[in-house]
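What follows is a set of notes on a single structure, which appears directly below.
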Amino acid sequence: MLAAEPEVLDELRRLRARVIHVTGALVATSDGLVLAHDTATIEPEGVAALTAAALGVTQSLADATGRGAFRELLVRGEEGYVATYAAGPAAVLTVLADGRANVGRLHMEARRCGARVAELVGDALGKAEQSRPSL
C-alpha cells in the first residue's frame, strides 16, 4: 500500500489548496493505520486510531437504522470540523477544517478526493497482491 503514498499525499495537498480553511488531512486504513498525512498540528496516528473507533460506531448506527454502508461522518466542534469519508473498501479520508470552512465545498471536494484515493489505494493493493508469491 505504501507504493501509493506519494500520489495520495499529492491528493491531500490538492484538497487543502482547493478548500479554504482546511487545516489538515490524512488517509488511513479502516483499522487505523496511517497511509499518508498532510497535518501540522495533530498527531496523525492518534487521529487515525480515533477515526477507526468512530467508524465502528458509525457503521453500527448505520446498520441499526438501515442506512447501509458507511459513506461519511461530520463532527462540528467549537473550533471547527472533523469530516471522515469512505475512500473505497480499504481506506478512509479524514479532513480537519476550522470553523470558517464552507461545509458544502468541503463535502464536494473531499468526496472527489476520497474517490481518487480509493483508486490509488485499490491500484496499490492490486499490485501488491499480484507480486505476492503463490503457495
Side-chain angles (χ1 to χ4, degrees):
M1 238 185 278
L2 296 177
E5 184 180 356
E7 292 87 1
V8 171
L9 186 55
D10 286 344
E11 284 299 317
L12 297 180
R13 290 180 178 148
R14 281 193 282 275
L15 174 63
R16 285 187 71 175
R18 288 190 308 260
V19 183
I20 292 177
H21 306 299
V22 166
T23 59
L26 67 87
V27 173
T29 61
S30 57
D31 59 354
L33 175 68
V34 176
L35 300 177
H37 68 91
D38 182 19
T39 58
T41 61
I42 60 141
E43 192 267 310
E45 288 79 12
V47 172
L50 289 169
T51 297
L55 285 175
V57 172
T58 302
Q59 187 59 57
S60 295
L61 179 61
D63 289 344
T65 58
R67 299 302 180 241
F70 169 78
R71 297 297 294 265
E72 58 193 50
L73 170 68
L74 179 69
V75 176
R76 180 178 177 208
E78 289 179 355
E79 303 298 323
Y81 301 92
V82 179
T84 299
Y85 302 86
V92 293
L93 165 67
T94 296
V95 182
L96 309 172
D98 70 31
R100 300 170 292 169
N102 178 323
V103 177
R105 176 74 188 237
L106 173 66
H107 282 320
M108 182 179 76
E109 295 294 346
R111 288 170 184 151
R112 287 181 186 164
C113 180
R116 179 69 180 130
V117 166
E119 291 174 12
L120 293 168
V121 171
D123 289 349
L125 284 173
K127 288 177 184 173
E129 195 65 33
Q130 290 175 353
S131 67
R132 273 196 198 148
S134 55
L135 300 176

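Residues take their numbers from the sequence shown, with the count starting at 1.
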For the atom pair [atom1] ([X]) and [atom2] ([Y]), what is the distance rounded to the nearest 0.5 Å?
X: Arg14; Y: Glu109; atom1: CZ; atom2: CD; value: 11.5 Å
X: Thr29; Y: Leu35; atom1: OG1; atom2: CG; value: 6.0 Å
X: Glu11; Y: Leu120; atom1: CD; atom2: CG; value: 6.0 Å
X: Glu43; Y: Leu50; atom1: CD; atom2: CG; value: 9.5 Å
X: Leu106; Y: Ile20; atom1: CG; atom2: CD1; value: 12.5 Å
X: Glu5; Y: Asp10; atom1: CD; atom2: CG; value: 10.5 Å

Where [X] and [Y] come nearest, the two heavy atoms and their spacing:
X: Asp63; Y: Gly68; value: OD1-O, 4.1 Å
X: Arg16; Y: Thr23; value: NH2-O, 3.3 Å
X: Ala52; Y: Ser30; value: CB-O, 3.4 Å
X: Ala91; Y: Val27; value: CB-CG1, 4.1 Å
X: Ala118; Y: Gly88; value: CB-N, 3.4 Å
X: Arg18; Y: Cys113; value: NH2-CB, 4.3 Å

*Give me the one residue out of Arg112, His107, Glu72 that meets side chain to side chain donor-acceptor pair (under 3.5 Å) with Tyr85.*
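Option passing the side chain to side chain donor-acceptor pair (under 3.5 Å) with Tyr85: His107.
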*Report yes if some heavy atom in the side chain of Val19 is under 4.5 Å from a heavy atom in the side chain of Asn102; otherwise report no.*
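A side-chain contact under 4.5 Å is absent here.
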_Between Ile42 and Leu26, is there a side-chain heavy-atom distance shorter than 4.5 Å?_
yes
Going only through I, L, V, M, F, W and Y residues with side-chain contacts under 4.5 Å, is there a path from [X] to [Y]?
X: Leu73; Y: Val34; result: no
X: Val95; Y: Val92; result: no
X: Val47; Y: Leu55; result: yes
X: Val57; Y: Phe70; result: no
X: Leu12; Y: Val22; result: yes

_Sidechain-backbone polar pair: Arg100 side chain, Asp98 backbone, donor-acceptor under 3.5 Å_ =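 Judged by distance alone, no pair lies under 3.5 Å.
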